[in-house]
Amino acid sequence: MTTFVLVPGAWHGAWVFEPLARQLRAHGHHAHPLTLTGVGDRRHLLTATVNLDTHIADLVNLLTDHQITDAVLVGHSYGGMVVTGAADRVPERVAGLVYVDAVVPEDGDSCWSLVTDRERAWYLGGVGETGYTSAPLPFFDPRATPHPLASLMQSVRLEGGLDRYRTRDYVYATGWEGRSPFTPLYERLAADPGWRTHALAGGHNLMRDAPEELLKVLLASARGD
């Protein structure tokens, strides 16, 4: 039995992972979809001070409070920043990492630095009246909420490498309209024997577009295949 913690991307809450979490539980695993501070049903906590460190603390606190020591951390899109930072803080609690069409930062990287100009325009195009939020795009699920802009801009600070963890999986979505911002990363990791890479037919939101295939990847990660 493995404990999965599932971290959504920007603008999204735990609801995006809940159907997948139910399937993981049906296979005998624990699954915790996480809503980050200031987003989703925690949007009432959004202030100018919410940043990447806040979100890393959200995940670290969950692992610590639940006394989890065998976690597979699953990060979608921006969530790759969060799972990387949290794993670095408490590596003894993490068994594996799964990046779902996500950024994979190194020390000093930010989400802003790792995406293309198209994604940066998305971040800034909807800055709200407060000046510290990024608005969800019009085609997002209506449950999406403004996201703290500082979390997309802040650089992550890491002390160790990802080779500390038993398994590392990268799941790449092939169905982007136009070139995916994650193509160079996927191609680099596919050539790295320390990673297992998977290309799934679907758009960026693979939890919605390819749920059964993504479930198979997560179950294999739990087995250490």
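Counting begins at 1 with the first residue of the sequence.
- A heavy-atom distance below 4.5 Å is not found between the side chains of H76 and P8.
- In terms of modelled atom types and a separation under 3.5 Å, the side chain of R164 and the main chain of G161 share a donor-acceptor contact.
- Aromatic pair H12/F17: ring centres not closer than 6.0 Å.
- Residues L114 and M81 meet the side-chain proximity criterion, which asks for heavy atoms closer than 4.5 Å.
- Between L214 and L20 there is a side-chain heavy-atom pair separated by less than 4.5 Å.
- At distances below 3.5 Å, not a single donor-acceptor pair connects side-chain atoms of T133 with backbone N or O atoms of P146.
- Between N205 and V16, the closest side-chain pair of non-hydrogen atoms falls below 4.5 Å.
- The backbone N or O of L158 lies less than 3.5 Å from a partner atom in the side chain of D107, making a donor-acceptor pair.
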Item to complete: Before giving the answer on side chain to side chain contact (heavy atoms under 4.5 Å, CB included), spell out for Y165 and L162 the whole-Å C-alpha distance, their side-chain angles and the decisive distance to 0.1 Å.
Response: CA-CA 6 Å; Y165 311 107; L162 298 182; 4.0 Å; yes
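- Side-chain atoms of R43 come within 3.5 Å of backbone N or O of G40 as a donor-acceptor pair.
- Aromatic ring centroids of Y78 and W112 lie 6.0 Å or more apart.
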Fill in: Test log, rule side chain to side chain contact (heavy atoms under 4.5 Å, CB included), inputs T3 and V72
CA-CA 6 Å; T3 301; V72 172; over 6 Å; no
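- In the hydrophobic clustering of this structure, V103 groups with L124; members are Ile, Leu, Val, Met, Phe, Trp, Tyr whose side-chain heavy atoms approach within less than 4.5 Å, directly or through other members.
- Between the side chains of W176 and D101, at least one donor-acceptor pair of N or O atoms lies under 3.5 Å.
- By the salt bridge (Lys or Arg N to Asp or Glu O under 4.0 Å) test, R168 is found to be paired with no residue, residues two or more places apart in sequence or in another chain being considered.
- Considering only heavy atoms from C-beta on, V156 stays 4.5 Å or farther from T84 through its side chain.
- A continuous path of ILVMFWY side-chain contacts below 4.5 Å connects V115 to V7, so both sit in one hydrophobic cluster.
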Discussion item. The test is ring-ring contact (aromatic ring centres under 6.0 Å, His included); show your working for W195 and Y99 and say whether it passes.
Written reply: CA-CA 11 Å; W195 286 80; Y99 295 84; 5.7 Å; yes
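- Side-chain contact between H55 and P148 is present, with heavy atoms from C-beta onward closer than 4.5 Å.
- At distances below 3.5 Å, at least one donor-acceptor pair connects side-chain atoms of H147 with backbone N or O atoms of W11.
- Distance alone, capped at 3.5 Å, places no donor-acceptor pair between the Q154 side chain and the N51 backbone.
- Between E18 and R25 there is a salt bridge, since a side-chain N of the basic residue sits under 4.0 Å from a carboxylate O of the acidic one.
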Discussion item. For I68 and L62: C-alpha separation, side-chain torsions, deciding distance, then whether side chain to side chain contact (heavy atoms under 4.5 Å, CB included) applies.
Written reply: CA-CA 8 Å; I68 297 169; L62 184 147; 3.8 Å; yes
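- Counted by atom type alone, N61 and T64 present zero donor-acceptor pairs between their side chains at under 3.5 Å.
- The salt bridge (Lys or Arg N to Asp or Glu O under 4.0 Å) test applied to D53 returns R89, not counting sequence neighbours.
- Counted by atom type alone, Y172 and T183 present one or more donor-acceptor pairs between their side chains at under 3.5 Å.
- Distance alone, capped at 3.5 Å, places no donor-acceptor pair between the D41 side chain and the T35 backbone.
- Side chain of S155 to main chain of G108: a donor-acceptor pair is present (N/O by atom type, distance under 3.5 Å, no hydrogens or angles).
- Atom CD of E92 is surrounded by more than 12 heavy atoms from other residues, nucleotides or ligands within 6.0 Å.
- A side-chain donor-acceptor contact under 3.5 Å links S180 to the backbone of F182.
- The distance from the NE2 atom of H32 to the CG atom of L73 is 11.0 Å, given to the nearest 0.5 Å.
- The aromatic rings of F4 and H29 stand perpendicular to each other, their planes meeting at an angle above 60°, with 30° marking the opposite boundary.
- For the pair D58 (side chain) and T37 (backbone), a donor-acceptor distance under 3.5 Å is present.
- For the residue pair S77 / H204, a side-chain donor-acceptor distance below 3.5 Å is found, with atom types taken as modelled.
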